[in-house]
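Shown next, in structure tokens, is the structure this report addresses.
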Amino acid sequence: MLIGYARVSTVDQNLGLQKDALINAGCEKFFEDTISGTKASRPGLSNAMDFARPGDSIVVWRLDRLGRSLKDLITLVNKLDESEVGLQSLQEAIDTTTSAGKLIFHVFGALAEFERNLIVERTMAGLAAARARGRKGGRPKALNDEKRKLAVKLYNKKECTITEICEMMKISKPTLYKYIEDQA
């Protein structure tokens with residue numbers, strides 16, 4: 001039996017494209033998640049794996065619907081192999097029930113991880129270059145030094161509640177606590 005699995009990261013995204021492809025591939029049962037691929041707990045995927053029996057295959061539109069890292073994908077494929085369940089990815093034309101499909105899976109997974117690592121390296125190099133030019137990253141402070149000192153002073157006097165101070169300064173409680181910690 002072909003078991004379809006579809007995932008989108010946010011409720012704003014649509015599962016239609018994936019579901020149509022899975023139907024065209026001949027999937028008889030479907031499971032889905034609306035959750036980031038970086039999250040370890042994906043109920044729809046867990047249910048698909050629990051439902052699958054030896055000889056079945058879980059079918060996805062693309063490998064990135066299963067996970068973001070090569071390690072996670074390999075772990076998943078190994079679990080499926082132990083259960084004698086195959087994996088098919090429609091866009092990459094991968095079928096792990098064949099030797100060639102397993103090889104292609106590992107090559108594609110390695111290339112995807114390599115691409116992600118390059119992006120991280122480029123980002124880090126860009127941040128280092130910006131720092132070398134004197135630019136600081138991150139969000140600007142919510143309050144200037146004078147207003148930060150006033151917020152801490154109000155907190156120390158205990159004449160206003162934390163909520164009142166936060167509303168007055170238009171900051172969150174964690175931000176206020178950070179200012180208090182910095183002044184200590």
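Along the sequence shown, the residues carry numbers beginning at 1. All values derive from a computational prediction rather than experimental measurement.
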To the nearest 0.5 Å, what is the distance between [atom1] on [X] and [atom2] on [Y]?
{"X": "T161", "Y": "L154", "atom1": "OG1", "atom2": "CG", "answer": "10.5 Å"}
{"X": "I165", "Y": "Y155", "atom1": "CD1", "atom2": "OH", "answer": "8.5 Å"}
{"X": "L90", "Y": "C27", "atom1": "CG", "atom2": "SG", "answer": "7.0 Å"}
{"X": "L76", "Y": "L45", "atom1": "CG", "atom2": "CG", "answer": "5.5 Å"}
{"X": "I119", "Y": "E115", "atom1": "CD1", "atom2": "CD", "answer": "5.0 Å"}
{"X": "L66", "Y": "W61", "atom1": "CG", "atom2": "CH2", "answer": "13.0 Å"}

Scan for salt bridge (charged side-chain N to carboxylate O under 4.0 Å, His left out) pairs involving [range], sequence neighbours excluded, and state none if there are none.
{"range": "residues 147-164", "result": "D145-R148"}
{"range": "residues 21-32", "result": "K19-E32"}
{"range": "residues 88-109", "result": "D81-K102"}

Same cluster for [X] and [Y] if Ile/Leu/Val/Met/Phe/Trp/Tyr side chains link at under 4.5 Å?
{"X": "V120", "Y": "F114", "result": "no"}
{"X": "V59", "Y": "M49", "result": "no"}
{"X": "L103", "Y": "L63", "result": "no"}
{"X": "L80", "Y": "L2", "result": "no"}
{"X": "V77", "Y": "I58", "result": "yes"}

For the pair [X] (side chain) and [Y] (backbone), establish whether a donor and an acceptor sit closer than 3.5 Å, ignoring hydrogens and angles.
{"X": "S89", "Y": "I94", "answer": "no"}
{"X": "D56", "Y": "M1", "answer": "yes"}
{"X": "R53", "Y": "D50", "answer": "yes"}
{"X": "R65", "Y": "V60", "answer": "no"}

S57 vs I3 side-chain heavy atoms within contact, under 4.5 Å: no
Cut-off 3.5 Å, no hydrogens considered: what does the side-chain donor-acceptor table look like for residues 167-182, sequence neighbours left out?
| unit_1 | atom_1 | unit_2 | atom_2 | d |
| --- | --- | --- | --- | --- |
| S172 | OG | T175 | N | 3.3 |
| S172 | OG | T175 | OG1 | 3.0 |
| K178 | NZ | D182 | OD1 | 3.0 |
| Y179 | OH | A142 | N | 3.4 |
| Y179 | OH | L143 | N | 3.4 |

Do you know the tightest heavy-atom contact between G44 and D33?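 Scanning both residues completely, I find the closest heavy atoms to be N-OD1, 2.7 Å.
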Looking at every heavy atom in both A6 and L15, which two are closest together, and how far apart are they? CB-CD2, 3.8 Å
Go through the steps to decide whether V85 and K79 satisfy the test side-chain contact (heavy atoms from CB on, under 4.5 Å), and finish with yes or no. CA-CA 8 Å; V85 174; K79 281 183 186 177; over 6 Å; no
Name all residues meeting the ring-ring contact (aromatic ring centres under 6.0 Å, His included) criterion together with F51; count only those two or more places apart in sequence or in a different chain, and write none if there are none.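 Testing F51 for ring-ring contact (aromatic ring centres under 6.0 Å, His included), a comparison that skips the adjacent residues, returns F31.
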Could you work out, with salt bridge (Lys or Arg N to Asp or Glu O under 4.0 Å) as the rule, every residue matching R131, not counting sequence neighbours?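 Per chain and number, R131 pairs via salt bridge (Lys or Arg N to Asp or Glu O under 4.0 Å) with no residue.
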